[in-house]
Trainee: 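Next up is a structure, given as C-alpha cells.
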2 protein chains.
Amino acid sequence: MDATDKAILLLLQKNGKITIKEIAERLNLTTTPIFERVKKLEREGFITSYKAIVDRKKVNLQLIIFCNVTLNLHQTDFLKKFEKDIQQFPEVVECYHVAGMFDYLIKIYAKNMEEYQQFLSNKLASLENISKVQSSFVMTEVKTLSHLPL
Amino acid sequence: MDATDKAILLLLQKNGKITIKEIAERLNLTTTPIFERVKKLEREGFITSYKAIVDRKKVNLQLIIFCNVTLNLHQTDFLKKFEKDIQQFPEVVECYHVAGMFDYLIKIYAKNMEEYQQFLSNKLASLENISKVQSSFVMTEVKTLSHLPL
DNA sequence: AGTGAAATTGCAGTCAC
DNA sequence: GTGACTGCAATTTCACT
C-alpha cells in the first residue's frame, strides 16, 4: 500500500468503471503496473466488490430514519435474537451494535411516513425485548461518503 | 420502472461489473433490451455511478463512531456554518441534519481511539456553536446495506 | 418490447525488454 | 517499471417479428 495504490483506490472508488488505461494516464504510468496493482488490490481484499449506485429518491425511498434502540435484556442470546430479527427487515439498511447511551443504531429507508409507521408498529415494536425506540428523521443529507479517507 | 428494470438494478447493485450478456442470461432475455434498459437507467439517473468498494479495515480504519451533535444556536446562518465546517473534515464520512432529540448525526471513521480523540478535541469541539456531543462507538456492524430495498 | 446475428472496437492481459 | 501487441469478449447496431 504505497501512494500509487492509494491513488488507484481513490480513482476506483470514485468511478468503478474507469479503465486500467485511464488510471495509467492519470497517474503517469503505463498499463502493466496498474493492471498488476489493481489485480493485487482485488486479490488481497482491499477492493471487495464493484457496485452500481442507485439513486434512493428515484426509486421512491424518500425517508431516512435513524432509530436508537434500547433492549431490556442484554445476555448474548437476546442480542443474537434481536440481531437476527432485525436483519430480516428490508426497511433496515444498516444496523450497528454500539456502546453508548443506547444499544443499537439502525438506519431505515422508507417510501413515506406511513410505511415507516407500519414498520415501527408492526415490525420493530412487535419484537420481544425492545425497551425503548427513539426515532430521528433525516431532514437533509449534509455529507455522504463517496470514498474512504485514505 | 417495471419488474425487469428492478431486477437489473438489483443485479447491478450487487455486482457493478456484471456484463450485459450475463444480465440477459439471468433474466432470460437477449442483450438488446438489456442494453437499452441499462442505458436508460443510467441516462435517467436511476444509476448515478459505479464504484469500487474498499474494505475499511484493510485500509486501517478500525473505528466507526456515531456522534449526536446539538448546537446552541439554530438560525439558518449558524446551521450553514456548521454544515460547511463539518464537510471539511475527512474523518466525517456522513452527516445528517435530523429532527429528533439532537440536531446532527455524524458518522466518523478513525484509525484508532487516539485519532478519534484528536478529531474530537482539536476539530469538532473547537467549532463554535457546539452545545453537546454524544459519541456512540460501534462494536459490531450487524447489517450494512448492499443494495436498496426495491 | 422483443429476437438473433453481425459488426465493431477498445480493453484486458501478455511478453520482451 | 516501459511499450507494443493481440485475441477476444463485450458493447453496440441492425433487420426483422
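Treat the numbers as computed from the prediction; the structure is a model and nothing was measured.
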Trainee: Taking atom C1' of dT3(C) as reference, at what distance in whole Å does atom CD1 of I34(B) sit?
Mentor: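 Distance check: I34(B) CD1 to dT3(C) C1' gives 13 Å.
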Trainee: Side-chain contact, heavy-atom cut-off 4.5 Å: V38(B) with E42(B)?
Mentor: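 The answer is yes, as the side chains (C-beta and beyond) meet within the 4.5 Å cut-off.
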Trainee: Tell me the interatomic distance from F35(B), atom CZ, to dA5(C), atom P, rounded to whole angstroms.
Mentor: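 Going from CZ in F35(B) over to P in dA5(C) covers 19 Å.
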Trainee: Report the distance from atom NZ of K21(B) to atom P of dA5(C), rounded to the nearest whole Å.
Mentor: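 In whole Å, dA5(C) P and K21(B) NZ are 13 Å from each other.
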Trainee: Would you mind telling me which of L9(B), I23(B), D2(B) makes a side chain to side chain contact (heavy atoms under 4.5 Å, CB included) with R37(B)?
Mentor: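 Answer after filtering L9(B), I23(B), D2(B): D2(B).
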Trainee: Using the heavy-atom set of chain A and a strict 4.0 Å cut-off, write down the first and last nucleotide of DNA chain D that makes it in, 5' to 3'.
Mentor: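 Going 5' to 3' along DNA chain D, contacts run dG1(D) to dG3(D).
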Trainee: Could you state the NZ-P distance from K40(B) to dG2(C), rounded to the nearest angstrom?
Mentor: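 Rounding to the nearest Å, NZ of K40(B) and P of dG2(C) are 11 Å apart.
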Trainee: Touch check for T19(A), heavy atoms < 4.0 angstrom, all strands: base, sugar-phosphate only, or nothing?
Mentor: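 T19(A): backbone/sugar contact only, no base atoms under 4.0 Å.
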Trainee: Without decimals, in angstroms, what is the distance between E22(A) CD and dC11(C) C1'?
Mentor: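 One finds 13 Å between C1' of dC11(C) and CD of E22(A), rounded.
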Trainee: Around atom NZ of K132(A), are there more than 12 heavy atoms from other residues, nucleotides or ligands closer than 6.0 Å?
Mentor: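 12 or below, so no.
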Trainee: For the CZ atom of F82(A) and the CD1 atom of I106(A), what is their distance to the nearest 0.5 Å?
Mentor: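 Taking CZ in F82(A) and CD1 in I106(A), the distance rounds to 5.5 Å.
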Trainee: Using atom CG of D5(B) as one end and atom P of dA1(C) as the other, report the distance to the nearest whole Å.
Mentor: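 So the two atoms are 10 Å apart, to the nearest Å.
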Trainee: Please tell me whether Y104(B) and Y96(B) form a close aromatic pair, meaning their ring centres lie under 6.0 Å apart.
Mentor: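 They do not qualify: ring centres at least 6.0 Å apart.
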Trainee: OG1/T48(A) to CG/L41(A) distance, rounded to the nearest 0.5 angstrom?
Mentor: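 Spacing of OG1 (T48(A)) from CG (L41(A)) equals 12.0 Å.
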Trainee: Choose from dA12(C), dG13(C), dT3(C) the nucleotide whose nearest atom is closest to any side-chain atom of T31(A).
Mentor: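 My answer, after comparing the listed nucleotides, is dG13(C).
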Trainee: Considering only side-chain heavy atoms of K39(A), which listed nucleotide, dT3(C), dC11(C), dG13(C), is closest?
Mentor: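 The nucleotide sitting nearest to the side chain is dG13(C).
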Trainee: Taking atom P of dC11(C) as reference, at what distance in whole Å does atom CD1 of I23(A) sit?
Mentor: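 Computing the I23(A):CD1 to dC11(C):P distance gives 12 Å.
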Trainee: For DNA chain C, whose closest nucleotide is more 5', that of R37(B) or that of I18(A)?
Mentor: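 Whichever sits nearer the 5' end wins; that is R37(B).
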Trainee: Centroid-to-centroid, F137(A) to F66(A), below 6.0 Å?
Mentor: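 Not under 6.0 Å, so no.
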